[in-house]
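Just so you know, residue 1 is the first one in the sequence shown, and it goes up from there.
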Amino acid sequence: MKRLLVVVILMASLMAFGASLPRERIQNALSILQELSETEDSGSFAELMSKSNGIVIYPEMVKAALGFGGQFGEGFLLKRGEDGRWYGPLFLKLYGISYGFQAGVQKSGLVLVIMNEKGTEGFLSNNVTLGGSASISAGPTGKTLSADTDYKLEAAIYSYSVSNGIFAGVSLGGSIVRQDTETNREYYGLSLTPTEIIEREASGVEIEELVGFLNSLIGPKE
């Protein structure tokens with residue numbers, strides 16, 4: 001119980017002092033995508049993205065553990081339309097708790113590839129649990145997607161962790177996603193619903209640079 005309390009206090013401190021400005025979050029997300037694209041196993045990610053409905057990027061996930069573990073991240077969602085255009089960003093937060101032998105603090109980037117409308121819709125409600133109504137699986141890695149992977153859209157969301165040049169699928173079942181209402185209001189200058197946000201085409205210097213990189217990575221929508 002004492003260990004759990006220590007983790008809770010530590011995570012609360014990280015959340016209080018780790019808040020990022022929206023444009024900083026976008027710039028850091030671009031850095032994560034660039035790092036990801038340089039790994040040998042990024043080909044499967046690019047193929048998966050070419051079939052996707054959108055992407056969620058948490059540029060800096062912080063995990064803290066002492067027996068019990070917790071994780072927290074600030075990110076955003078971009079929806080990919082049928083026309084290949086990108087909509088958003090919708091700013092989000094992620095919370096999680098883990099169990100088992102573990103200790104220390106770790107930082108990494110997190111990328112979620114959304115494969116269908118159901119997966120996207122899951123992020124539009126507040127306090128949503130990943131792996132609940134929309135299934136989530138560790139994303140396949142490799143230079144190309146192979147026939148023996150679970151890439152045949154059986155999962156609504158595929159997740160990847162990016163840290164110090166290491167790119168790997170990661171399990172996130174049970175993590176909770178919430179709307180980052182204050183950051184959305186700061187970025188857009190007014191209060192909008194999540195649905196209104198993802199109906200707005202992505203615009204602005206930082207987000208257009210990120211969108212341009214995504215498009216160069218995955219090519220036109222199939």
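- Under the rule for a side-chain contact (heavy atoms from CB on, under 4.5 Å), the partners of Glu209 that lie at least two apart in sequence or sit in another chain are Leu30.
- For residues 176-211, the pairs satisfying ring-ring contact (aromatic ring centres under 6.0 Å, His included) are Phe91-Tyr187, with sequence neighbours left out.
- Residue Leu94 is grouped with residue Leu78 when hydrophobic side chains (ILVMFWY) are merged at heavy-atom distances under 4.5 angstrom, including chains of intermediate members.
- Residues Ile197 and Thr193 fail the side-chain proximity criterion, which asks for heavy atoms closer than 4.5 Å.
- The closest side-chain heavy-atom distance from Leu112 to Phe123 is below 4.5 Å.
- In the hydrophobic clustering of ILVMFWY residues, with side-chain heavy atoms under 4.5 Å counting as a link, Leu21 and Val205 come out apart.
- Note that OG1 of Thr181 and CG of Asn126 are 6.0 Å apart. Values are rounded to the nearest 0.5 Å.
- Leu33 and Tyr87 fall into different hydrophobic clusters, where Ile, Leu, Val, Met, Phe, Trp and Tyr are joined by side-chain heavy atoms under 4.5 Å apart, directly or via other members.
- For the pair Leu36 and Phe45, the minimum side-chain heavy-atom distance is below 4.5 Å.
- The side-chain contact (heavy atoms from CB on, under 4.5 Å) search around Glu208 returns Ser203, not counting sequence neighbours.
- Note that CG of Asn215 is 12.0 Å distant from OG of Ser50, once rounded to the nearest 0.5 Å.
- Considering every non-hydrogen atom in both Lys51 and Met115, the closest pair reads O-CE, 3.8 Å.
- Residues meeting the side-chain contact (heavy atoms from CB on, under 4.5 Å) test with Glu199, sequence neighbours left out: Thr195.
- Between Pro22 and Arg25, the closest side-chain pair of non-hydrogen atoms is not below 4.5 Å.
- Listed by chain and number, the residues in a side-chain contact (heavy atoms from CB on, under 4.5 Å) with Glu117 are Asn53, Lys79, Glu121 (sequence neighbours excluded).
- Residues Gly119 and Ala156 approach most closely at CA-CB, 4.0 Å, considering heavy atoms.
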*With side-chain contact (heavy atoms from CB on, under 4.5 Å) as the test, would you mind laying out the steps for Glu60 and Ile32 before giving the verdict?*
CA-CA 9 Å; Glu60 190 172 88; Ile32 286 294; over 6 Å; no
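- For the side-chain contact (heavy atoms from CB on, under 4.5 Å) test with Ile114, the passing option among Val56, Ile136, Ile55 is Val56; the others fail.
- Identified under the ring-ring contact (aromatic ring centres under 6.0 Å, His included) test for residues 20-43, with sequence neighbours left out: none.
- Side-chain N or O atoms of Ser125 include none that pairs as donor or acceptor with a backbone N or O of Gly122 at under 3.5 Å.
- For the atom pair CD1 of Ile157 and OG of Ser137, the computed distance is 9.5 Å after rounding to the nearest 0.5 Å.
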*Go through the steps to decide whether Leu92 and Gln179 satisfy the test side-chain contact (heavy atoms from CB on, under 4.5 Å), and finish with yes or no.*
CA-CA 5 Å; Leu92 306 164; Gln179 304 296 322; 3.8 Å; yes
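- In this structure, the side chains of Ile218 and Arg80 come closer than 4.5 Å at one or more pairs of heavy atoms.
- Under the 4.5 Å side-chain criterion, counting only non-hydrogen atoms from C-beta, Asn184 is not in contact with Leu192.
- Partners of Ser191 according to the side chain to side chain donor-acceptor pair (under 3.5 Å) rule, which considers only residues two or more places apart in sequence or in another chain, are Arg185.
- Listed by chain and number, the residues in a side chain to side chain donor-acceptor pair (under 3.5 Å) with Asn28 amount to none (sequence neighbours excluded).
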*asked:* Using the rule given for side-chain contact (heavy atoms from CB on, under 4.5 Å), can you reason through Met61 versus Phe72, listing the C-alpha separation, both sets of side-chain angles and the distance that settles it, and then say yes or no?
replied: CA-CA 6 Å; Met61 287 290 300; Phe72 172 73; over 6 Å; no
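- Rounded to the nearest 0.5 angstrom, Glu74 CD and Ile57 CD1 are separated by 14.5 Å.
- Across Met49 and Trp86, no two heavy atoms sit closer than the pair CE-CH2, 3.6 Å.
- With sequence neighbours left out, the salt bridge (Lys or Arg N to Asp or Glu O under 4.0 Å) criterion links Arg178 to no other residue.
- Taking the salt bridge (Lys or Arg N to Asp or Glu O under 4.0 Å) definition, one finds that Glu196 meets it with nothing, sequence neighbours left out.
- Annotation: side chain of Tyr158 is in contact with side chain of Leu48 (closest heavy-atom distance under 4.5 Å).
- For the atom pair CD (Glu47) and CG (Leu217), the distance works out to 11.0 Å, reported to the nearest 0.5 Å.
- When side chains are defined from C-beta on, Leu90 does not count as touching Phe76, because their heavy atoms never get closer than 4.5 Å.
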